[in-house]
Amino acid sequence: MELRVENASCGYDGKAVLENVSLSLRQGEIVCILGPNGIGKTTIFRSVLGFLKLIGGQITLDGVPKEKISQKDFSRSVGYVPQGHEPPFPYSVSDVVVMGRAAHLRSFESPGIHEYRIADRVMELLGISYLRDKIYTQVSGGERQMVLIARALAQNPKLLVMDEPTANLDFGNQIHVLECIRGLMGSGLGVLMTTHNPDHAFLCCDRVILLTKDKEVLEGTVDEIVTEENLRRAYGVEVKITETVGRDGNIIRSCVPMLDT
């Protein structure tokens, strides 16, 4: 399955925030969107998911224009993990995960044993079965993010859109979530994610879309796009890309800001 955004103009009330944006996402790959605050990363996601109407351009799923696909059918193929989520009632973690099955239920149909079994399998896959009966609003930020991923996976989507999945997480939980995302790719799922940290692209992504301060859209492999010059253009800061040998002998790259001392 492939999701394509072609020459899209995205924005609010008819005023474009970004113009001529093109990107694609296929199963089995991770695509990362990088760029400074306010540049329009979340706006792209809201447009892809149908929360915002495109000002121009087209979105297709396996070649079919999105406007010809019902929202329910689209949700069966494309899952969404927001930056954060605060439910209005103190649901259990299990109930939050089961909410991901809504796209597969008829109107007013309640989830049954089958849906809860799927939720249990997804929680076991992500290693959060111990949270099953806990209150969602009372678990930690890192655990809550894993629950949101589980809810999206319960939809059984082919593609997953993740808006800053490591936002507000401590260093350890960021790495745990990134390891989870990399594992999802191995299962054949396609992931489109945003992040503020270029290191995340080095750790788990195949391709990168970098939005610069001048609203250029740079797209390519991680090595092609995440360069010192491109990061300077995007963020207005000087960085040095360094290399470290990992435990398995592979080279791990990271970005170091060049601060004045």
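Sequence positions, counted from 1, serve as the residue numbers for this chain. Note that these values count all heavy atoms, side chains included, but never hydrogens, waters or copies made by symmetry.
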Mind running salt bridge (charged side-chain N to carboxylate O under 4.0 Å, His left out) on Glu143 and Lys134 for me, showing each step along the way?
CA-CA 11 Å; Glu143 290 171 331; Lys134 292 190 176 182; 5.2 Å; no
Main chain of [Y], side chain of [X]: is a donor-acceptor contact present, judged purely on distance under 3.5 Å?
| X | Y | value |
| --- | --- | --- |
| Arg207 | Val31 | no |
| Asn197 | Asp199 | yes |
| Asn7 | Asn20 | no |
| Gln27 | Met1 | yes |
| Gln155 | Ser75 | yes |
| Thr194 | Glu164 | yes |
| Gln145 | Gly142 | no |

Which pair of heavy atoms, one from [X] and one from [Y], lies closest together, and at what distance?
| X | Y | answer |
| --- | --- | --- |
| Leu189 | Leu159 | CD1-N, 3.9 Å |
| Ala152 | Pro157 | O-CD, 3.3 Å |
| Met146 | Cys180 | CE-SG, 3.8 Å |
| Cys32 | Thr195 | SG-CG2, 3.3 Å |
| Arg26 | Glu29 | N-OE2, 2.8 Å |
| Leu148 | Pro82 | CD1-O, 4.1 Å |

Side chains of [X] and [Y]: closer than 4.5 Å at any heavy-atom pair?
| X | Y | result |
| --- | --- | --- |
| Arg232 | Glu238 | yes |
| Leu178 | Met193 | yes |
| Val17 | Cys10 | no |
| Asn156 | Arg76 | no |
| Lys66 | Gln71 | yes |
| Ile44 | Leu211 | yes |
| Leu131 | Met123 | no |

At what distance, to the nearest 0.5 angstrom, does [atom1] of [X] lie from [atom2] of [Y]?
| X | Y | atom1 | atom2 | value |
| --- | --- | --- | --- | --- |
| Ile252 | Leu203 | CD1 | CG | 7.0 Å |
| Thr137 | Arg144 | OG1 | CZ | 6.5 Å |
| Asp214 | Glu216 | CG | CD | 6.0 Å |
| Leu61 | Arg4 | CG | CZ | 12.0 Å |
| Leu52 | Ser47 | CG | OG | 4.5 Å |
| Cys204 | Ile181 | SG | CD1 | 5.5 Å |

Please walk me through it: do Lys240 and Glu228 pass side-chain contact (heavy atoms from CB on, under 4.5 Å)?
CA-CA 6 Å; Lys240 183 73 173 178; Glu228 295 170 1; 3.3 Å; yes
Establish whether [X] and [Y] are linked, either directly or via other cluster members, by ILVMFWY side-chain heavy-atom contacts under 4.5 Å.
| X | Y | value |
| --- | --- | --- |
| Leu18 | Leu25 | yes |
| Val81 | Phe51 | no |
| Val122 | Val177 | yes |
| Leu169 | Ile149 | yes |
| Tyr80 | Tyr136 | no |

Using a 4.5 Å cut-off between side-chain heavy atoms of Ile, Leu, Val, Met, Phe, Trp and Tyr, which other residues end up in the same hydrophobic cluster as [X]?
| X | result |
| --- | --- |
| Val256 | none |
| Val98 | Tyr116 |
| Leu34 | Phe202, Val208, Leu210, Leu218, Val222, Ile225, Val226, Leu231, Tyr235, Val237, Val239, Ile241 |

Among residues two or more places apart or on two chains, list those pairs meeting side-chain hydrogen bond (donor to acceptor under 3.5 Å, both in side chains) that have a residue in [range].
| range | value |
| --- | --- |
| residues 242-253 | Asp223-Arg253, Thr242-Ser254, Asp248-Asn250 |
| residues 35-46 | Tyr12-Thr43, Asn37-His196, Thr42-Asp163 |
| residues 175-193 | none |

How far apart are the C-alpha atoms of Leu153 and Leu184, what are their side-chain angles, what is the distance that settles it, and do they pass the side-chain contact (heavy atoms from CB on, under 4.5 Å) test?
CA-CA 10 Å; Leu153 292 181; Leu184 294 176; 3.6 Å; yes
Taking it one step at a time, do Arg132 and Asp120 satisfy salt bridge (charged side-chain N to carboxylate O under 4.0 Å, His left out)?
CA-CA 8 Å; Arg132 187 185 192 282; Asp120 285 341; 2.7 Å; yes
Can you confirm whether [X] is buried at [atom1], in the sense that more than 12 heavy atoms of other residues, nucleotides or ligands lie under 6.0 Å from that atom?
| X | atom1 | result |
| --- | --- | --- |
| Ile113 | CD1 | no |
| Glu124 | CD | no |
| Tyr130 | OH | yes |
| Lys72 | NZ | yes |

Do Gln174 and His200 pair up side chain to side chain, a donor and an acceptor below 3.5 Å, judged on atom types alone?
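Indeed, the side chains of Gln174 and His200 share at least one donor-acceptor pair under 3.5 Å.
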Passes side-chain contact (heavy atoms from CB on, under 4.5 Å), Ile128 versus Val139? Steps please.
CA-CA 11 Å; Ile128 58 171; Val139 302; over 6 Å; no
For Leu105 and Glu115: C-alpha separation, side-chain torsions, deciding distance, then whether side-chain contact (heavy atoms from CB on, under 4.5 Å) applies.
CA-CA 9 Å; Leu105 299 176; Glu115 281 68 44; 3.7 Å; yes
